[in-house]
Amino acid sequence: MKTFTKIFLSIIIASVLWSSLLAQEDISNDSIKESEEITTGHVFVDGKYIEPPYIVRRVGWKIFINDILVFDYQKPRSPYNFTEKPKANFEELDKTSGLSEIFEIKDTAYNVPLATVISFYYLEKYEYSAACDSIVAFHRTIPNVQSFTKLGGADDTFEMASFNNESRVISLQPYGRKHNQDFGPNQNTEREKEINRGVTSTFNDYCRDLSLGNLLIYYKSEGGHGSFQRVRIKSLKIKDFCNILISEDSQNQKVELLTNIVIDRAFAEKVVATFLNKSILIRILEQSSSVINKTGEKKCTIETSKDYVPNKGALMAWCPNIYEAEFQYFLSDEIALVRDEIEGQGYVFDVNNIFIDPTYNDHNFGTCTYANLKKMASAGFLYISSHGYDGVESDSEGNAPPAGISVLYSDSESDLNDWKEGDPNILIYQLYNYWFGECWTAIAT
């Protein structure tokens, strides 16, 4: 229990860094906002250097630097095209059928379990509470389902039981809830405000980074919320960054050294492959050295102590779903920002303490091993980026889904049970989502 108490205290500390980003002004998605001319900083887009001075401009959900697109939020589209309610065809099941057999019956139009498709139909048609009620009523009609009940006081977490004494917990958090926000009857209200705040925050970040003399690198990416990968190199790290790229080291050596700066190895490989103009890098290096010689390297004024920096001060981070659009900037933005914000406070940074699962719908969990999860209990600063689950009051029998955070995902319940090694503080839930078949998560409570 001590392990996860410590983890969640650290999550609270980390979340404070991001709370200010949510307090941005609301701007409509067709508004235009433009910065003043910025003479500091450096920008590369797809390996090409963009000469200063810079003007950052926001047009709706797009952001441009010197009229070059560097951020393009595309509102997601539903993967479904419902013209009518899908037919609930479960006649092949009977009271002897297992619960897993429900999810072997696929909707032929989408190649997704039929039960999932019907649930998402309700999520698009009704407001969230009514959709949850309809999903409960629908599941109770499936021949091998003896009971399907809301768990505790939760609207969107259920216990499903069969006639042969099987049971499992199913949750619409987070994917069902988000789908309802994006594509349900109230899709154009709070969700658009949330997007506007996020784009405004990104615009302000870009302006601030350039004003501080940082170097911004953008690459066009496929899909994702911003459609661009971005890495920020702090002004005091520009010298190291340029020296690595203009050195005579091999490409592999450059990638290894750059990974310590940009954190994302794949991004480091892309930089080494495309940053080929050494004359520009030398010019940036000379400018950076000149600025440092004039101003001196800024030092953190916070004094450190064993009390302030516990357990040798290791920064550790965990993201089990970096393949989702919401988490695509975990390495390049989130961890880089956390590392830079606490730099000089005594914390030790090592890229080997960043644990991710880069792929979904498989049985390879990357570096998100149970051993590494336990290792994080000794972190001085811990950062976890994943989906969370609301806790609710218990019902009269004491049943309630506890608050927790997803620490791993799989398409196999047995894989997650093997992975957690009998840890009673980790629960296994089935999730309804629209991008692959059965989806299971391990929740640390």
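Any value given below was found using the heavy atoms of this structure, including those in side chains, with hydrogens, waters and symmetry copies removed.
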State, to 0.1 Å, how close Val255 and Val272 come at their nearest heavy-atom pair, and which atoms those are.
-> CG2-CG2, 3.8 Å
Considering only NZ, NE, NH1 and NH2 on the basic side and carboxylate oxygens on the acidic side, decide whether Arg230 and Asp209 come within less than 4.0 Å.
-> yes
Thinking salt bridges, do Asp340 and Lys234 make one under a 4.0 Å N-O criterion?
-> no
Going by an N to O cut-off under 4.0 Å, is there a salt bridge joining Asp423 and Lys374?
-> no
So how far is it from Ile354 CD1 to Ile322 CD1, rounded to the nearest 0.5 Å?
-> 10.0 Å
Plane angle bin for His42 and Tyr49 - parallel if under 30°, tilted between 30 and 60°, otherwise perpendicular = tilted
Apply side chain to side chain donor-acceptor pair (under 3.5 Å) to Asp156 and Tyr128, showing your working.
-> CA-CA 9 Å; Asp156 53 8; Tyr128 194 57; 2.8 Å; yes
Give a yes or no answer on whether the side chain of Lys33 reaches the backbone of Arg58 with a donor-acceptor pair at less than 3.5 Å.
-> no
Check: Glu256 side chain, Gln253 main-chain N or O, donor-acceptor pair, under 3.5 Å | no
Do you see a donor-acceptor pair shorter than 3.5 Å between the side chains of Ser78 and Glu124?
-> yes
The reported gap from CG in Leu216 to CG in Leu210 (rounded to nearest 0.5 angstrom) is 5.0 Å
side-chain hydrogen bond (donor to acceptor under 3.5 Å, both in side chains) with Trp61: of Thr202, Asn196, Asp72, only one passes, and it is Asn196
Measure from the side-chain N and O atoms of Ser171 to the backbone N and O of Thr157, and report whether any donor-acceptor pair falls under 3.5 Å.
-> no
side-chain contact (heavy atoms from CB on, under 4.5 Å) between Phe228 and Leu69: does it pass, once the steps are laid out?
-> CA-CA 9 Å; Phe228 282 83; Leu69 184 67; 4.0 Å; yes
Which value, rounded to the nearest 0.5 Å, describes the distance between Ile335 atom CD1 and Ser385 atom OG?
-> 7.5 Å
Is it possible for you to check whether Arg339 lies under 6.0 Å from the centre of the six-membered ring of Phe349, through NZ or CZ, and within 45° of that ring's axis?
-> yes
Closest contact, heavy atoms only, Ser406 versus Pro320 | O-CG, 3.7 Å
Mind listing the closest non-hydrogen atom pair of Cys132 and Asp155 along with its distance?
-> CB-O, 3.3 Å
Hits for salt bridge (charged side-chain N to carboxylate O under 4.0 Å, His left out) against Glu36, two or more places apart or cross-chain, chain-then-number order -> none
Heavy-atom donor-acceptor pair, Ser386 side chain to Cys319 backbone, under 3.5 Å = no
Look at the side chain of Asn66 and the backbone N and O of Ile55, then say whether any donor-acceptor pair between them is shorter than 3.5 Å.
-> yes
In this structure, CG of Leu382 is separated from CE of Met376 (nearest 0.5 Å) by 5.0 Å
Give the C-alpha distance, both sets of side-chain angles, the deciding distance and a yes or no for ring-ring contact (aromatic ring centres under 6.0 Å, His included) between Tyr218 and Tyr206.
-> CA-CA 11 Å; Tyr218 299 90; Tyr206 293 179; 5.4 Å; yes
Going by the angle between their ring planes, with limits at 30° and 60°, are Tyr347 and Phe381 parallel, tilted or perpendicular?
-> perpendicular
More than 12 heavy atoms from other groups under 6.0 Å of NZ on Lys48 = no
Got Val262 and Ile233 here, is their nearest side-chain heavy-atom distance under 4.5 Å?
-> yes
Can you check whether Cys439's main-chain N or O pairs, donor with acceptor, with Asp411's side chain at less than 3.5 Å?
-> no
Considering all heavy atoms, the nearest Trp318-Thr369 contact | CH2-O, 3.3 Å
Any donor-acceptor pair under 3.5 Å from His139 side chain to Ile135 backbone = yes
Asn364 (side chain) donor-acceptor with Gly366 (main chain) under 3.5 angstrom = yes
Quick one: ring-ring contact (aromatic ring centres under 6.0 Å, His included) pairs with a partner in residues 230-269, sequence neighbours left out?
-> Tyr219-Phe267, Phe241-Phe275
For Leu281 against Leu245, the heavy-atom pair lying closest together | CD1-CB, 3.7 Å
So, do His387 and Phe327 have ring centers that fall under 6.0 Å from each other?
-> yes
Looking only at atom types and distance, does a side-chain atom of Asn180 sit under 3.5 Å from a main-chain N or O of Leu123, one as donor and one as acceptor?
-> yes
Quick one: are Leu373 and Leu408 in side-chain contact, heavy atoms under 4.5 Å?
-> no
Report yes or no: does Lys254 contribute a side-chain atom to a donor-acceptor pair with the main-chain N or O of Val271 at less than 3.5 Å?
-> no
Do the two ring centres, one from Phe120 and one from Tyr110, sit under 6.0 Å apart?
-> no
Which atom of Ser410 lies closest to which atom of His363, heavy atoms considered | OG-ND1, 4.4 Å
